[in-house]
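Accompanying notes for the structure given below.
Just follow the structure's listing: the first ligand is 1, and inside any ligand the first atom is 1.
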Amino acid sequence: MKSHSICGSNKTPGQLYIVATPIGNLQDISPRAVDVLKQVDRIAAEDTRHSGHLLKQLDINTHCIALHEHNERQFAEKIVQQIKEGSNIALISDAGTPLVSDPGYFLVKLAHQEKIKVSPIPGPSALIAALSAAGVATDRFCFEGFVPSKGGPRSAFYAQRQKETRTMVFYETPHRIVASLTALCEQLGGERTLVLARELTKTFETIRNDSAQAILDWVKEDSNQQKGEIVLVVQGYAAPEGDTLSEQTEHTLKALLKELSLKQAVKLTVEITGKKKKKIYNYALQLKDQ
Ligand code: SAM
């Protein structure tokens with residue numbers, strides 16, 4: 001896969017590989033990821049020192065260049081140029097899958113604009129690892145990245161998701177976990193099912209599925225639970241009985257919302273179905289939020 005270009009004169013374009021690396025346990029790297037990282041001309045890494053340790057342990061000697069959130073826009077152009085001139089380049093982040101709450105978006109977007117082949121080398125991601133072991137519905141879910149760090153925006157963030165019916169996944173930092181869980185309980189209710197997934201694939205891996213209030217109490221009591229890397233998985237909102245619409249009403253409302261304003265769609269749905277306006281209006285708001 002190395003380009004063997006002489007002074008960049010090889011004009012057959014190379015390709016960009018997006019390579020997932022372990023989120024804790026080194027053995028989670030795939031043989032294919034190791035092959036690609038050994039064979040490319042350069043590895044673009046979020047933090048070259050951090051990745052240097054991983055690459056050394058894997059006996060990978062490929063040259064590393066830095067691509068982090070502060071220089072990404074500028075360096076993406078250089079990297080794309082090198083690929084156009086024949087280089088094969090792999091992108092890795094500090095841990096897990098690049099672009100999942102990590103840099104790489106501008107590079108991948110630019111690569112597509114420039115018709116460069118982009119190949120994923122899939123592997124670990126804290127999001128999917130947490131979800132797979134959480135024990136909450138996974139047929140529909142939404143990933144919401146990091147919870148805001150400041151109190152006001154954090155409460156608003158959770159409040160906006162009160163009626164989200166899909167399972168929600170959040171990334172959180174250990175020093176904010178108590179404040180975050182407190183806001184979550186206030187806004188989504190302490191009885192909501194929550195999973196705290198901490199230190200996944202590492203020595204102190206902990207996964208607890210319980211009510212949000214029970215998890216908050218436990219984390220407050222046991223300071224060990226306030227350490228390490230954390231994913232929160234929250235069960236979606238389940239409308240109380242009597243709050244749901246019949247399939248037919250829901251179908252009508254959804255069809256009308258595609259063509260009309262929320263107000264007009266609600267008005268017509270009420271006329272067509274004869275159902276209560278408040279219920280239909282609330283449901284239309286939920287659909288809009290999703
Ligand atoms: N790109 C990474 C991925 O695919 O998961 C995520 C990078 S993001 C900057 C780092 C966050 O991911 C951490 O703050 C934590 O919320 C979550 N995370 C990463 N590794 C984890 C682990 N081993 N256990 C639990 N959460 C983890």
Protein heavy atom at shortest distance from atom 25 (C) of ligand 1: E229 O, 3.2 Å
Identity and separation of the nearest protein heavy atom to atom 16 (O) of ligand 1: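 Sorting protein heavy atoms by distance from atom 16 (O) of ligand 1 puts I230 O, 2.6 Å first.
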Pairs of nitrogen or oxygen atoms closer than 3.5 Å, one from [X] and one from ligand 1: do any exist?
X    : result
S125 : yes
T173 : no
G24  : no
A126 : yes
A197 : no
P124 : no
D102 : yes
Y171 : yes

As an exercise, identify every atom of ligand 1 less than 4.0 angstrom from a heavy atom of [X].
X    : result
T97  : 1 (N), 3 (C), 4 (O)
A95  : 1 (N), 2 (C)
K202 : 23 (N)
G96  : 3 (C), 4 (O)

[X], [atom1]: over 12 other non-hydrogen atoms inside 6.0 angstrom:
X    : atom1 : answer
E271 : CD    : yes
K202 : NZ    : yes
F143 : CZ    : yes
Q113 : CD    : yes
H112 : NE2   : yes
Y105 : OH    : no

Contact with ligand 1 for F146, non-hydrogen, under 4.0 angstrom: yes
Any V231 heavy atom less than 4.0 Å from ligand 1: yes
Checking [Y] against [X]: is there a side-chain donor and acceptor pair closer than 3.5 Å?
X    : Y    : value
E85  : Q81  : yes
N282 : Q286 : no
N224 : K227 : yes

Geometric cation-pi criterion, R161 with F157: 6.0 Å, 45°: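 Checked: cation-pi criterion met.
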Hphob cluster co-occupancy, I92 + L26, side-chain heavy atoms under 4.5 angstrom: yes
Option of least heavy-atom distance to atom 6 (C) of ligand 1 (set: V100, L127, N25):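 Nearest heavy atom to atom 6 (C) of ligand 1 lies in V100.
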Of the listed options D28, L200, I207, T201, closest to atom 22 (C) of ligand 1 (non-hydrogen atoms):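 Nearest heavy atom to atom 22 (C) of ligand 1 lies in L200.
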